[in-house]
Q: 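Following this message is one structure expressed as structure tokens.
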Amino acid sequence: MTSSNILLLLGSGAREHALAEKLTRDGATVHVLPGNAGIPNSHPEVNPLDFEAVRAFAQAHGSKLIVVGPEAPLAAGIADFFAGSDIQVFGPTRSAARLESSKVWSKEFMRRHGVATAQAWPFRSDNIAAARAKAAELGGHVVVKYDGLAAGKGVYVCSSPEEAEAAFDDLQTSYSGWFSFLLEEKLTGPEISIIGLTDGHEIKLLATSQDHKQLLAGDLGPNTGGMGAYCPVPFADDNVLAALRRDIIDPTLRGLQHEQFEFRGFLYFGIMLTPNGPKLLEYNVRLGDPEAEVLLPALDSSLLELIEATLDGTLARQGVKQRPGAFVGVVLASGGYPAPKFPTGFPITGLDNLPAGVRAFHGATTRNEDGQIVTNGGRVLVLAAHGHDLEEATACAYEACARVTFEGAYFRPDIAQRPAPVLTAAVVN
């Protein structure tokens with residue numbers, strides 16, 4: 001095996017477990033920094049934000065490729081750190097990572113390059129009174145977004161003046177000191193996740209997917225990092241995808257070229273299909289989580305080859321093949337999540353009794369003194385199932401949820417069960 005097939009994967013969640021499994025299946029030897037109790041070849045002693053330690057590990061193990069899972073190392077500039085060296089990083093530079101790390105800057109990018117998106121107004125924490133006044137003017141139908149990285153929890157979707165006021169109060173409580181935030185008009189319509197690999201010129205899309213952000217059934221309760229996902233999305237046909245390319249994806253690629261970003265990595269488009277056409281809600285500069293846990297099992301092509309093609313400039317010549325059927329992933333979370341504090345350390349049972357066609361991707365697990373796998377965070381596991389169709393995959397995923405448990409375990413009961421939306425001509429034409 002050549003050194004190009006020995007790679008480092010940064011991260012510790014279920015997304016990284018899915019990445020490690022797929023890349024291993026593609027023929028790579030994968031070392032995961034720091035990993036978790038369920039991911040083979042994990043190295044908890046290495047901090048992925050300590051770039052010198054990452055470099056030393058890569059050199060010691062003969063690795064010339066680093067794949068970055070979470071957003072924090074990208075925002076901190078890991079691609080810049082290794083630029084000019086013989087170690088390649090699959091992920092954008094710090095400047096390009098602002099598409100995710102700054103909601104305000106990202107919105108300005110969308111405006112500059114004609115990407116369809118919601119109206120928005122930037123504010124600072126020292127002028128929150130003006131934001132309150134604007135929210136009141138809009139009747140409280142607003143979305144409040146903390147400017148920086150917030151692990152999927154710095155977004156408040158409000159439907160009344162009271163909810164907007166509570167969002168501003170929580171912002172001030174959660175984020176001390178000076179900070180920026182964004183106030184957006186609240187859009188309506190079904191959401192869809194589009195994720196691809198891009199070299200800044202070409203993009204190769206994975207299957208369409210849909211996330212479930214709210215904690216509770218019926219899309220109620222607080223925002224989370226994601227309670228489940230499925231792919232492909234039945235209503236995202238060729239007409240819908242053509243509209244997304246026209247209004248969002250192609251303008252984004254033109255923007256990347258205009259800004260002269262060094263962008264070689266995953267690019268995520270969080271999109272709402274509004275009555276007035278598709279609108280971009282946000283970019284992420286990495287694979288979504290829990291979308292990755294259904295998209296990667298669905299990918300029939302070699303992810304390793306797609307990554308290498310992205311880095312060496314041959315992405316345009318690559319095709320992307322998907323496995324048949326449907327894929328559903330349900331998050332098994334700790335009781336109390338997404339509150340800042342909740343109990344952990346509970347033994348997990350049933351991992352050796354999964355239904356056929358189900359994978360358990362570890363998100364927040366560790367081992368206790370007795371060697372048992374125990375909970376170690378909020379989103380503990382993603383139970384991902386493959387079926388002939390969405391109904392079969394959903395039933396299989398929930399059968400797994402009935403078999404795997406720990407004290408206080410919680411899962412949302414309606415993943416992949418939203419009613420089929422009626423799309424307007426603005427979306428499908």
Q: Using distance alone, with no hydrogens and no angle criterion, decide if Arg359 and His386 have a side-chain donor and acceptor under 3.5 Å apart.
A: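 Arg359 vs His386: no donor-acceptor pair found between side chains.
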Q: Has Asn368 got a side-chain atom pairing as donor or acceptor with Gly371's backbone, closer than 3.5 angstrom?
A: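 Answer holds: yes.
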Q: Using a 3.5 Å distance criterion without hydrogens, assess whether the side chain of Lys186 forms a donor-acceptor pair with backbone atoms of Val157.
A: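 No; judged by distance alone, with no hydrogens or angles, the pair does not exist.
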Q: Does Asn223 use its side chain to pair, donor to acceptor, with the backbone of Gln214 at less than 3.5 Å?
A: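 Side chain of Asn223 to backbone of Gln214, a donor-acceptor pair under 3.5 Å: no, none is there.
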Q: Is the shortest heavy-atom distance from the side chain of Leu304 to the side chain of Asn5 under 4.5 Å?
A: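 The answer is yes, as the side chains (C-beta and beyond) meet within the 4.5 Å cut-off.
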Q: Parallel, tilted or perpendicular: which fits the ring planes of Phe181 and Phe123, with parallel below 30° and perpendicular above 60°?
A: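 Parallel: the ring planes of Phe181 and Phe123 meet at under 30°.
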Q: Specify the closest pair of heavy atoms between Arg25 and Leu296, including all atoms of both residues, with the distance to one decimal.
A: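 Answer, listing the atom of Arg25 first, then Leu296: NH2-O, 3.9 Å.
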Q: Would you confirm whether Thr93, through its side chain, and Ala79, through its main-chain N or O, come within 3.5 Å as a donor-acceptor pair?
A: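 No, Thr93 side chain to Ala79 backbone: no donor-acceptor pair under 3.5 Å.
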Q: Quick check: closest heavy atoms across Gly69 and Leu19, and the distance to 0.1 Å?
A: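 What the structure gives for the nearest pair is CA-CD1, 4.4 Å.
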Q: Do side-chain atoms of Asn284 reach the backbone of Arg286 as a donor and acceptor pair under 3.5 angstrom?
A: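 It does not hold such a pair.
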Q: Taking only Lys NZ, Arg NE, NH1 and NH2, and the carboxylate oxygens of Asp or Glu, determine whether Asp169 and Arg132 approach each other closer than 4.0 Å.
A: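 Salt bridge flag = yes for Arg132 with Asp169.
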Q: Mind listing the closest non-hydrogen atom pair of Phe168 and Ala135 along with its distance?
A: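 For Phe168 and Ala135, the tightest heavy-atom pair comes out as CE1-CB, 3.8 Å.
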Q: Hey, do the aromatic rings of Phe51 and Phe82 have their centres closer than 6.0 Å?
A: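 That pair fails the under 6.0 Å test.
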Q: Using only heavy-atom distances, determine whether the side chains of Ser180 and Tyr146 contain a donor-acceptor pair under 3.5 Å.
A: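 No, because no side-chain N or O of Ser180 sits under 3.5 Å from a partner of the opposite role on Tyr146.
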Q: Where is the tightest heavy-atom contact between Gly387 and Ala393, given as atom of each residue plus distance?
A: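 It is N-CB, 3.6 Å.
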Q: Are the side chains of Val331 and Arg412 in contact, using a 4.5 Å heavy-atom criterion?
A: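 Heavy-atom side-chain distance check fails, nothing below 4.5 Å.
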Q: I want to check something: taking the side chain as every heavy atom from C-beta on, are Phe266 and Phe90 in contact at a cut-off of under 4.5 Å?
A: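 The answer is yes; the side chains approach within 4.5 Å.
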Q: Parallel, tilted or perpendicular, judged at 30° and 60°: which one describes the rings of His31 and His43?
A: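 Geometry flag for His43 against His31: tilted rings.
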Q: Please assess Gln88 against Ile66 for the test side chain to side chain contact (heavy atoms under 4.5 Å, CB included), listing each intermediate value before the final yes or no.
A: CA-CA 6 Å; Gln88 292 183 294; Ile66 298 172; over 6 Å; no
Q: Determine, for Phe57 and Arg55, whether the Lys NZ or Arg CZ falls below 6.0 Å from the six-membered ring centre while staying within 45 degrees of the axis.
A: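 No; the conditions do not both hold, so Arg55 does not lie above the ring face of Phe57.
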Q: Can any side-chain N or O of Thr310 pair as donor or acceptor with the backbone N or O of Thr198 at less than 3.5 Å?
A: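 Answer holds: no.
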Q: So, does Asn36 use its side chain to make a donor-acceptor pair with the main chain of His362 at under 3.5 Å?
A: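 Yes, because the side chain of Asn36 sits within donor-acceptor range (under 3.5 Å) of the backbone of His362.
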Q: For Gly225, does its backbone N or O pair with a side-chain atom of Arg379 as donor and acceptor, under 3.5 Å?
A: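 Side chain of Arg379 to backbone of Gly225, a donor-acceptor pair under 3.5 Å: yes, one is there.
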Q: Distance alone, cut at 3.5 Å: any donor-acceptor contact between the side chains of Glu291 and Ser193?
A: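 A pair is found: one side chain offers a donor N or O, the other an acceptor, under 3.5 Å apart.
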Q: Are there over 12 heavy-atom neighbours, none belonging to Asp126, within less than 6.0 Å of that residue's CG?
A: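 Yes, because the 6.0 Å sphere around CG of Asp126 holds more than 12 heavy atoms from other groups.
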Q: Pick one: which of Asp199, Ile307, Ile203 meets side chain to side chain contact (heavy atoms under 4.5 Å, CB included) with Leu315?
A: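 When Asp199, Ile307, Ile203 are each tested with Leu315, the side chain to side chain contact (heavy atoms under 4.5 Å, CB included) holds only for Asp199.
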Q: Salt-bridge test for Asp247 and Lys279: reply yes if a basic N is under 4.0 Å from a carboxylate O, no otherwise.
A: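 Judged by the 4.0 Å cut-off on N to carboxylate O distance, Asp247 and Lys279 do not form a salt bridge.
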Q: Could you tell me whether the side chains of Thr224 and Lys213 share a donor-acceptor contact shorter than 3.5 Å?
A: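 Note: Thr224 and Lys213 side chains miss the donor-acceptor criterion.
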Q: Please determine whether a side-chain nitrogen of the Lys or Arg among Arg418 and Asp414 lies less than 4.0 Å from a carboxylate oxygen of the Asp or Glu.
A: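 No, Arg418 and Asp414 are not salt-bridged.
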Q: Verify whether the ring centers belonging to Phe327 and Tyr230 lie closer than 6.0 Å.
A: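 Judged by ring-centre distance (under 6.0 Å), Phe327 and Tyr230 do not meet the cut-off.
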Q: Parallel, tilted or perpendicular: which describes the rings of Phe342 and Tyr337, with under 30° parallel and over 60° perpendicular?
A: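 Phe342 and Tyr337: perpendicular rings.
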Q: More than 12 foreign heavy atoms under 6.0 Å from CD of Glu391: is that the case here?
A: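 Atom CD in Glu391 is not crowded, with 12 or fewer foreign heavy atoms closer than 6.0 Å.
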Q: Show, in sequence, the C-alpha distance, side-chain angles and deciding distance for Val104 and Arg124, and conclude whether the side chain to side chain contact (heavy atoms under 4.5 Å, CB included) test is met.
A: CA-CA 10 Å; Val104 172; Arg124 300 185 311 185; over 6 Å; no
Q: A side-chain contact here means heavy atoms from C-beta on lying under 4.5 Å apart; do Leu65 and Ile87 qualify?
A: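 Not touching, per the 4.5 Å side-chain cut-off.
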Q: What pair of heavy atoms forms the shortest contact from Cys396 to Ala356, and how long is it?
A: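 Shortest heavy-atom contact: SG-O, 3.5 Å.
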Q: Counting distance only, does the side-chain N/O of Ser102 pair as donor-acceptor with the main-chain N or O of Arg98 below 3.5 Å?
A: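 No; zero donor-acceptor contacts below 3.5 Å.
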Q: May I ask you to decide whether Glu184 forms a salt bridge with Lys103, counting only side-chain N to carboxylate O separations under 4.0 Å?
A: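 Looking at Glu184 and Lys103, the cut-off is not met.
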Q: I'd like to know if the side chain of Lys64 and the backbone of Leu7 have a donor-acceptor N/O pair within less than 3.5 Å.
A: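 Flag not set: sc Lys64 to bb Leu7 has no pair under 3.5 Å.
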Q: Nearest heavy-atom pair of Gln322 and Leu205: which atoms, and what distance?
A: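 Distance-wise, the nearest heavy atoms are NE2-O, 4.3 Å.
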